[in-house]
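This report refers to the structure that appears directly beneath it.
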Amino acid sequence: MAASVIKAGVRLGSSQWTGQSLTQNIDSHKQPKAQRVSMPIRAGSYAEELVQTAKTVASPGRGILAIDESNATCGKRLASIGLENNETNRQAYRQLLLTTPGLGEYISGSILFEETLYQSTTDGRKFVDCLREQNIMPGIKVDKGLVPLPGSNNESWCQGLDGLASRSAEYYKQGARFAKWRTVVSIPNGPSDLAVKEAAWGLARYAAISQDNGLVPIVEPEILLDGDHSIDRTLEVAEKVWAEVFFYLAENNVLFEGILLKPSMVTPGAEHKEKATPQQVADYTLKMLKRRVPPAVPGIMFLSGGQSEVEATLNLNAMNQSPNPWHVSFSYARALQNTSLKTWKGLPENIEAAQRALLIRAKANSLAQLGRYSAEGESEESKKGMFVKGYTY
Ligand code: 13P
């Protein structure tokens, strides 16, 4: 009951949102108009830069290369080509990706894990500088991963708010200009109201802290592909999750022009009996976004979530067949890296071919961002699905 009263007071998408506290909102009908507390959105000292950063990342024909796997997850990638998970191999892999000639034509930002943000190439160039040379914004994963959420239906919550302000200030000094926080929502496990609220609140606190320290927050409540539910059920859950996320973003006075979103596409569950066509995925996903995302938000940068490389590109292409209120693009990890990783196999003589493979994927997604992609001539490897049940990042 109380929640519906509170929510009725929120005007989504207004850049002049009045930031009343919950109590002020509930009681406001009792106060004479003149006494109501009305606060303009807190612009913060970085406001202009945030807007500029978000615009650069959301620039036409470009998207994000996500290589922010934690050491454990990067280890899984390396294990798939028979390599040991150590710092040297992680550095070699990231060096291959980040020094790909011509990458900046298709890639506007790259999300790094902390180790990579502070790392250099084997010949001593900072990775951050390699990116800047190609006009690619360096980004940083700031969350500390998922842990079980007590009191929920076996769901999880995302850690990392403690010390986030000082960490973010350090990341900014090191050259990062945007941040990522990935939390997840599971459809087969509910999702419970508690898990959705916790995910949304955590994202909003993170977003406010990031903006306060000059980093554009990527807001990522990943709705996991796991499950046998229909696409309609995914739509219903996605609408609930994004409504809650925008409610708390507004509550926390987050500047909408200085954020980027990283949603999952609206698809049926991975174990559902029918697969959706790119047209269906586009229709459902855009319907959900248009209902929930204010046009003040500059960019929607999708995750790939276990789709094959080609599938993720086809779906993005279908979403860009007519103009959208926001830049609709990609922030893929698996769907950009897979063929490149498999081509490399850890062998120095394969580096150039692996970089070419990355460039092919980056270009394909760049074309999809512009709505001009065709899957003709794509390799068999790029059509392989990468869904992993209960995937962690
Ligand atoms: P995938 O594209 O592999 O789902 O990665 C998502 C992600 O959050 C990477 O930053």
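All residue numbers in this chain count up from 1 along the given sequence.
- Under 3.5 Å, the side chains of E311 and N315 contain no donor-acceptor pair of N or O atoms.
- Within the 4.5 Å cutoff, no side-chain heavy atoms of L96 are placed close to those of L358.
- Applying the salt bridge (charged side-chain N to carboxylate O under 4.0 Å, His left out) test to pairs two or more places apart or on separate chains, those with a residue in residues 80-98 are E69-R94, R90-E115.
- Using modelled atom types, one side-chain atom of S166 and one backbone atom of G163 make a donor-acceptor pair closer than 3.5 Å.
- Comment: E220 engages K180 in a salt bridge, judged by a side-chain N to carboxylate O separation of less than 4.0 angstrom.
- A donor-acceptor pair shorter than 3.5 Å cannot be found between the side chains of R77 and S80.
- In summary, of the residues considered (I64, V328, I111), a side-chain contact (heavy atoms from CB on, under 4.5 Å) with M301 occurs for I64 alone.
- S366 places no side-chain N or O within donor-acceptor distance of the main-chain N or O of Y106, the cut-off being under 3.5 Å.
- The aromatic rings of Y206 and W181 sit parallel, their planes meeting at an angle under 30°, below the 60° perpendicular limit.
- Atom CG of L225 and atom CE of M265 lie 10.0 Å apart (nearest 0.5 Å).
- Annotation for L194: hydrophobic cluster partners, listed by chain and number, are V147, L149, W157 (ILVMFWY side-chain heavy atoms under 4.5 Å, direct or chained).
- Side chain of T285 to main chain of A282: no donor-acceptor pair is present (N/O by atom type, distance under 3.5 Å, no hydrogens or angles).
- Listed by chain and residue number, nothing satisfies the ring-ring contact (aromatic ring centres under 6.0 Å, His included) test with Y171 (two or more places apart in sequence, or in another chain).
- Looking at Y332, its side chain does come within 3.5 Å of a backbone N or O of A312 through a donor-acceptor pair.
- Judged by a 6.0 Å distance limit and a 45° cone about the ring axis, R177 is positioned over the six-membered ring of Y172.
- A salt bridge links K240 with D193; the closest basic N to acidic carboxylate O contact falls under 4.0 Å.
- At distances below 3.5 Å, not a single donor-acceptor pair connects side-chain atoms of H327 with backbone N or O atoms of G63.
- The backbone N or O of E155 lies less than 3.5 Å from a partner atom in the side chain of S152, making a donor-acceptor pair.
- Taking 4.0 Å as the cut-off between side-chain N and carboxylate O, E236 and R233 count as a salt-bridged pair.
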